[in-house]
Amino acid sequence: MNRFLIVFTLLSMLLVSCGGQPSESSLVYGLTLTPSGIDPHVDASSELGIPLTSVYDPLVWLTPEGEFVAGLAEEWEISDDGLTVTFHLRDDVTFHDGTPFNAAAVEFSLDRIADPATRSLKARGMLGPYDRTEIVDDYTVRVHFTEPYAPFLTSLSTVYLAMVSPDAVSQWGAEYQFHQVGTGPFMFDEYVPRDHLTLVRNPDYDWAPDFFDRQGPPELERVTFRFYPDVATRALALQSGEADVMGEVSPQDAVRLDQSPDYALTPVSIPGQPLQFFVNTQRPPLDDVRVRRALIYAVDRQAIVRTVFKEYSLPAYGPLTRPTFGYDPRVEGMYEYDPQRAAALLEEAGWIDADGDGIRQQDGVPLRLETILMGWGYIPEVGQMLQDQLRRVGMDMDSREMTFSNAVSDVADGRYHLAPFVFSSSDPDIIRTTFQSDNIDGGFNWSKFADPQLDAWLDEGRRAIDPEARRAIYGEIQHHLMEQAVILPIRDYVNLNVAGAHVRNLRYDRQGWFPWLYEVSLAEE
Amino acid sequence: MLSFTLRRLLSTLVVLWAVVTLTFFAIRLLPGDPATVLVSQAGGSAQDIAAVRQQLGLNDPLAVQYVRFLGGLIQGNLGVSLVSRRPVADAIVEQLPHTLALATSATFLALLAGIPVGIVAATHRGSWIDQLCIALSVLGFSMPILMSGLLLMLLFSLLLGWLPATGQGSWRHLVMPALCLSLASSATIARLVRTQMLEVLPQGYITVARAKGVVERVILWRHALRNALIPVITVIGLQFGSLLGGTVVTESLFSRRGLGRLVVDAIFWNDYPLIQGVVILGAAIYIAVNFLVDVSYGLLDPRIRRG
């Protein structure tokens, strides 16, 4: 038995002891979750975009200031009716496999996303009411929609609507995710699921937009992405020098590393929705708007954020986070922390602590909120503080920690008063997911809030091509949702990235998750 | 002997079928919906979720899904992952060698540490050495992997810089995870060896050997240990199963590839075919190891071979 084990162990060790050689200007970037798949047209994780944003160039770039500037498309015009967008493409770009980039490649990429056989989980939704792409000439395309679609340019600026090499997709078919070919500053080298993903420098890259502070090929020769699923190990991997950059470090580690001159912390706010508790507006006592408002007044978000997430996160006050297009700062003044006001509202609604046990009752029924908690994103810690703060105004919180799957099933059965979730997104249109009345049954409208006026606004917001008109609509929506108190917002999601001090020029795009590795250089050590 | 092997093979198949069937229904009766989990990544409407559910074939009656799955299984097809859309067998084959390397190294380390410690404790019964061995084994048994792993990393990676904290690639990456995973098993083995040795050592044939003038080392390792090992071998078989379970934590902590992480992800996503595949494989490995254990009894004890 012993001899057998020794031989077997040695053999197994041999099997796995291949790979991993550091080269000169190479960078190791730590990822967190293992993505389920990494085809940007098919899969939906934010994790896949971290490496792949450097493999593909967008038709249109979105600068950190929120301007659209030329990418693979030099110019574009949106028709007056908002139904077509015409792109004039660059004629000097080639894919990593030598395929020329042209109108046919644009048509191929967008059609691939729209094809039901692709089974796209994210890109299809981001493409909106796409109809077809018309090839006007070799370097001009006209994209047709069945109705106006305002988020289109923002969608195009992300990796999910990537321009892929038609040749590579035809060659690899379902295996394309392992052999991706774009036009970006880095070329896809190798992906071993659950272990690593490697990009190498594209020596021919010569079409960077002006807002980058370099031109030509990138400085880094090789970038290796590794997966660190356990938050406890992430800081350790940085400190032992195994990783140069690490995403989603814990707030405690971030505080510690931030104080050291050897590391640089880059907190990035993520657009979309904040960490929020959806308030089940169909279940008593939360069907009474006064109780819902009391709930928000009773919660000291500043204290929760400072305790759980440290100084890098801001409290959330509405259904959209600050870096999202259309964010309306008016919501910030709507519910200042005010436990007296919460108590007054509860009394007005008929909730009184008659028996002096600290919990209010009405007709003998105690004021108890069943709360779903999930085990990620520090939600249990937030839950603990909530429980304590609510008790101070006489509300009892009964919380159950469960997996996301269990939460989905409890939500479907309506067994909750409060349930948390976060959706990040490049566009405010994401709030259709959580507040359109069609999504109450079998969707993510966990507040179970049905309002025809809101539905109309959500449709209007999606169609409004004029940015100022659009901003005004989303302002109304945010104000209305908070006036109706259908969510308890907690915290704008912030991705805490830590890099070794030798990593220079690391910045992130508007989505917040995706680094522009093109600009990164390494200091001499 | 042949009929024994045949009977054994048949009962193995029945056990496998029962595992497959139980798993199939158990994971589908648990709350959760793969379609909702998939769509939750990006957001989408109720309609989008319903469409994904239809695509994944989750609307078909459970009996139809079961027959479809069993039919595929008989042809050696474990199905396709709901999430990554890749064949389940491919995903498992990619991860299996890494987990086997970890679990077998841990078993090896457990034997390497457990047997000598057990013998030393037994031969120094009641002394401070014995006490120390018992204390160490209690510590090894009760320390969670998460804690021992982080302590090892702090010591060997951050302070001493001898070993890489995470990842894989060479034997040096394997040392800490294997050590960590082996702790509980070493403790179990050490205590068992100690008890067994204490039972064997006072027996007549040991006294006879001593009287004949056999060297103490030979008495211990050949005469005593060999007879003490039978229950130890049984436990190793059982321990291998719990080691496979322990790889779930170890692999995540040390950022290693492997089945443990595969199955954690599969459960998170409600990826039914993938969970089934891993469970079937786990059951098969467990059965195979215990079969080897049965065979090895004969090697250690000729009476079992003849019987």
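Every chain is numbered from 1 and lettered A, B, ... according to where its sequence line falls, protein lines coming before strand lines.
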Colleague: Using a 4.5 angstrom heavy-atom cutoff, name the option from A:G30, A:G37, A:A44, A:G443 with the most pairs to chain B.
Modeller: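 Looking at each of A:G30, A:G37, A:A44, A:G443 in turn, A:A44 comes out on top.
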Colleague: Could you tell me the separation between the CD1 atom of A:I38 and the OG atom of B:S84, rounded to the nearest 0.5 Å?
Modeller: 11.5 Å
Colleague: So which heavy atom on A:G442 is nearest to which on B:I49, and how close?
Modeller: O-CD1, 3.2 Å
Colleague: Where along residues 419-431 of chain A does a heavy atom come under 4.5 Å of chain B, listed by residue number?
Modeller: A:F421, A:F423, A:I430
Colleague: CZ of B:F254 to OH of A:Y228: how many Å apart, nearest 0.5 Å?
Modeller: 13.0 Å
Colleague: Keeping to residues at least two apart or across chains, list the side chain to side chain donor-acceptor pair (under 3.5 Å) pairs with something in residues 43-55 of chain B.
Modeller: B:D33-B:R53, B:S45-B:D48, B:Q54-B:N59
Colleague: Check the surroundings of atom CG in B:D90: do more than 12 heavy atoms from other residues, nucleotides or ligands lie under 6.0 Å from it?
Modeller: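 Yes, the 6.0 Å shell around CG holds more than 12 heavy atoms from other groups.
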Colleague: In terms of heavy-atom proximity below 4.5 Å to chain B, should A:T403 be classed as side chain, backbone, both, or neither?
Modeller: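 Contact with chain B is absent: no heavy atom of A:T403 under 4.5 Å.
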Colleague: Would you say the side chain of B:R86 lies within less than 4.5 Å of the side chain of A:Q177, judging by non-hydrogen atoms?
Modeller: yes
Colleague: Are B:E251 and A:D230 close enough that some pair of their side-chain heavy atoms sits under 4.5 Å apart?
Modeller: no
Colleague: Is it the backbone or the side chain of A:V231 that comes under 4.5 Å from a heavy atom of chain B, or both, or neither?
Modeller: neither
Colleague: Under a 4.5 Å heavy-atom cut-off, does chain A meet the side chain of B:V52, its backbone, both or neither?
Modeller: side chain
Colleague: Considering only heavy atoms, which portion of B:L262 lies under 4.5 Å from any heavy atom of chain A: side chain, backbone, both, or neither?
Modeller: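 For B:L262, heavy atoms of backbone and side chain both lie under 4.5 Å from chain A.
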Colleague: Identify the residue among B:R257, B:H98, B:Q168 that makes a side chain to side chain donor-acceptor pair (under 3.5 Å) with A:D195.
Modeller: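 Result: among B:R257, B:H98, B:Q168, B:Q168 is the only option passing the side chain to side chain donor-acceptor pair (under 3.5 Å) with A:D195.
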Colleague: In plain terms, say whether A:D43 and B:R85 are close enough for a salt bridge, that is, a side-chain N and a carboxylate O under 4.0 Å apart.
Modeller: yes
Colleague: Could you measure the distance from the OG atom of A:S405 to the CH2 atom of B:W269? Nearest 0.5 Å is fine.
Modeller: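 Rounded to the nearest 0.5 Å, the OG-CH2 separation comes out at 10.0 Å.
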Colleague: OG of A:S409 to CG of B:N270: how many Å apart, nearest 0.5 Å?
Modeller: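 One finds 10.0 Å between OG of A:S409 and CG of B:N270.
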Colleague: Residues in ring-ring contact (aromatic ring centres under 6.0 Å, His included) with A:Y29, at least two apart?
Modeller: A:F225
Colleague: Provide the closest heavy-atom pair for B:G44 versus A:N439 in the form atom of the first, atom of the second, distance.
Modeller: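 Scanning both residues completely, I find the closest heavy atoms to be O-ND2, 4.5 Å.
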Colleague: Given side chain to side chain contact (heavy atoms under 4.5 Å, CB included), test A:L236 with B:L150 step by step and report yes or no.
Modeller: CA-CA 9 Å; A:L236 254 157; B:L150 286 174; 3.6 Å; yes
Colleague: Does CZ belonging to A:R400 count more than 12 external heavy atoms closer than 6.0 Å?
Modeller: yes
Colleague: Work out which heavy atom in B:T36 is nearest to a heavy atom in A:F404; give both atom names and the distance.
Modeller: O-CE2, 4.5 Å
Colleague: Looking at B:A50, B:S40, B:A91, B:A35, which makes the most heavy-atom pairs under 4.5 Å with chain A?
Modeller: B:S40
Colleague: Between B:L158 and chain A, which part of the residue has a heavy atom less than 4.5 Å away: side chain, backbone, both or neither?
Modeller: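 B:L158 touches chain A through side-chain heavy atoms alone.
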Colleague: How close do A:P229 and B:R261 get, heavy atom to heavy atom, and via which atoms?
Modeller: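 Looking at all heavy atoms of both residues, the closest pair is CG-NE, 3.5 Å.
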Colleague: So which heavy atom on A:T233 is nearest to which on B:S252, and how close?
Modeller: OG1-O, 4.4 Å
Colleague: Would the number of heavy atoms belonging to other residues, nucleotides or ligands and lying under 6.0 Å from CH2 of B:W162 be above 12?
Modeller: no
Colleague: A:P193 and B:Q95: which non-hydrogen atoms are nearest, and at how many Å?
Modeller: O-NE2, 3.7 Å
Colleague: Working to the nearest 0.5 Å, report the span between CG of B:L38 and NZ of A:K122.
Modeller: 13.5 Å
Colleague: Sort out for me which of B:A42, B:G32, B:P31 touches chain A most, counting heavy-atom pairs under 4.5 Å.
Modeller: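 Highest number of pairs under 4.5 Å: B:P31.
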Colleague: With sequence neighbours left out, what residues match A:Y191 under ring-ring contact (aromatic ring centres under 6.0 Å, His included)?
Modeller: A:F178
Colleague: Report which part of B:S81 has an atom under 4.5 Å of a heavy atom belonging to chain A: side chain, backbone, both, or neither.
Modeller: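 For B:S81, no heavy atom lies under 4.5 Å from chain A.
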Colleague: Would you say the side chains of B:T166 and A:E242 form a donor-acceptor pair under 3.5 Å?
Modeller: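 Side chains of B:T166 and A:E242: pair found under 3.5 Å.
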